[in-house]
> 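Could you have a look at this structure, given as structure tokens, before my questions?
First listed ligand is number 1; within each ligand, the first listed atom is number 1. All values reported here derive from a predicted model rather than from experimental measurement.
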Amino acid sequence: MKPSSAHPILCVGLTPAVQEIRVFTAIEMGVVNRCLSVHHCPAGKGTNAAHVLKTLGHEPVLTGFAGGATGALLRRELAALGIRTAFVRTLARTRVCVTLIERDTNRATELVEEAALPIFQEWKTFHRVFDRLIARAGLVTLTGALMPGAPATLYGELARVAGARQVPVIIDSQRTPLLEALAQHPLLAKLNVHELENTLGTAITTPPAIVAGARQLLARGARNVLVTRGEQGAWLVAPDSAWHYSSPRVRVCNPIGSGDAMTAGIALGLSRKQSMQEAVRLGVACGAANVLTPMPGLVKAADVKRLLPKVRCRRA
Ligand SMILES: Nc1ncnc2c1ncn2[C@@H]1O[C@H](COP(=O)(O)OP(=O)(O)OP(=O)(O)O)[C@@H](O)[C@H]1O
Ligand SMILES: [Mg+2]
């Protein structure tokens with residue numbers, strides 16, 4: 001691995017979003033509902049990972065697509081957080097995802113907009129930008145689903161280009177886009193149990209079944225596989241070993257984005273020359289720290305530091 005200061009972690013988040021949070025007393029369908037307050041923040045899985053890396057003292061580079069007035073807002077907000085971006089400008093505007101919160105009941109309703117498919121020229125530019133960025137990167141994270149209509153071979157192609165430059169790949173995705181990338185031997189394939197079920201097309205309920213499922217992904221080319229299961233922790237499986245990590249118990253505020261925070265922690269550990277086993281420990285601490293805050297991708301460095309010694313790891 002290349003030195004981390006000169007060679008940043010490259011976070012690929014193809015479908016970033018502007019997240020709008022609208023707070024109401026209560027919402028009733030079919031009538032006028034007046035908003036108490038509106039907040040917005042940058043969102044998306046790659047964005048979350050980059051935000052956690054930045055919080056923990058690394059200077060990542062975030063790439064993907066952004067366009068229109070919402071794309072400009074996204075860039076401005078990421079710049080305000082000090083996160084370096086190399087987005088390809090699109091004709092289509094960046095999507096807006098809305099969370100409706102009802103104060104009376106604390107109920108949250110998500111309204112998710114899909115990202116538009118980039119046009120041919122934008123894809124061409126993206127591949128050129130990726131080639132340029134990967135030449136300087138110390139590690140690359142490929143996170144999230146592809147936008148509807150994108151070629152399922154995309155992550156496989158990006159992993160191939162990274163591999164040709166000896167840049168380690170962490171991929172956090174599922175189904176065909178993940179399977180396509182496994183043939184390029186990513187350093188780590190990371191997914192939650194539900195995504196493992198979707199990818200293998202079988203129900204997986206027990207820890208031995210999780211380890212067996214992970215071994216199927218190893219057989220398809222991954223060097224290491226990490227399967228996560230929220231508060232139940234995670235299983236790290238390599239060709240000659242299997243480990244279970246238990247996550248520290250934490251007060252749950254919002255668990256969404258814990259997987260992204262975990263990806264960031266692992267990438268950071270690896271870029272600091274830790275072993276995979278140690279890096280995953282940092283990842284688990286980041287996942288747990290994310291649970292403590294209301295916004296996905298928002299962790300406090302002090303929480304990560306406090307939780308790290310509480311992560312337990314034993315043979316699975
Ligand atoms: N409620 C929780 N309590 C403690 N640790 C948690 C909790 N939820 C998540 N974690 C930690 O974060 C890791 C990743 O969480 P999870 O399995 O929910 O990822 P995910 O489904 O990929 O999340 P997302 O896609 O929303 O980022 C877990 O393996 C665990 O270590
Ligand atoms: Mg996830």
> Any idea which of Gly259, Gly144, Ala289, Ser247 brings a heavy atom closest to atom 24 (P) of ligand 1?
Gly259

> Does Asp172 reach ligand 1 with a nitrogen or oxygen that is under 3.5 Å from one of the ligand's nitrogen or oxygen atoms?
no

> What about Ile256: any of its N or O atoms under 3.5 Å from an N or O on ligand 1?
no

> Between Thr228 and ligand 1, which residue portion shows a heavy-atom distance shorter than 4.0 Å: side chain, backbone, both, or neither?
both

> Looking at Trp243, is Arg314 sitting on its ring face, NZ or CZ under 6.0 Å from the six-membered ring centre and within 45 degrees of the normal?
no

> Looking at ligand 1, does Ala261 have a heavy atom less than 4.0 Å from it?
no

> Just to be sure I read this right, does ligand 1 sit under 4.0 Å from the backbone of Val250, its side chain, both, or neither, counting only heavy atoms?
side chain

> May I ask you to identify the nearest protein heavy atom to atom 11 (C) of ligand 1, giving residue, atom name and distance to one decimal place in Å?
Gly287 C, 3.8 Å

> Starting from atom 26 (O) of ligand 1, which protein heavy atom do you reach first, and at what distance in Å?
Gly257 N, 2.9 Å

> Heavy atom of Lys45 under 4.0 Å from ligand 1?
yes

> Starting from atom 28 (C) of ligand 1, which protein heavy atom do you reach first, and at what distance in Å?
Gly230 O, 3.2 Å

> Please work out whether any backbone atom (N, CA, C, O) or any side-chain heavy atom from C-beta onward of Pro296 is under 4.0 Å from ligand 1, and answer side chain, backbone, both or neither.
neither

> Pick whichever of Arg251, Glu231, Glu195 has a heavy atom sitting closest to atom 1 (N) of ligand 1.
Glu231

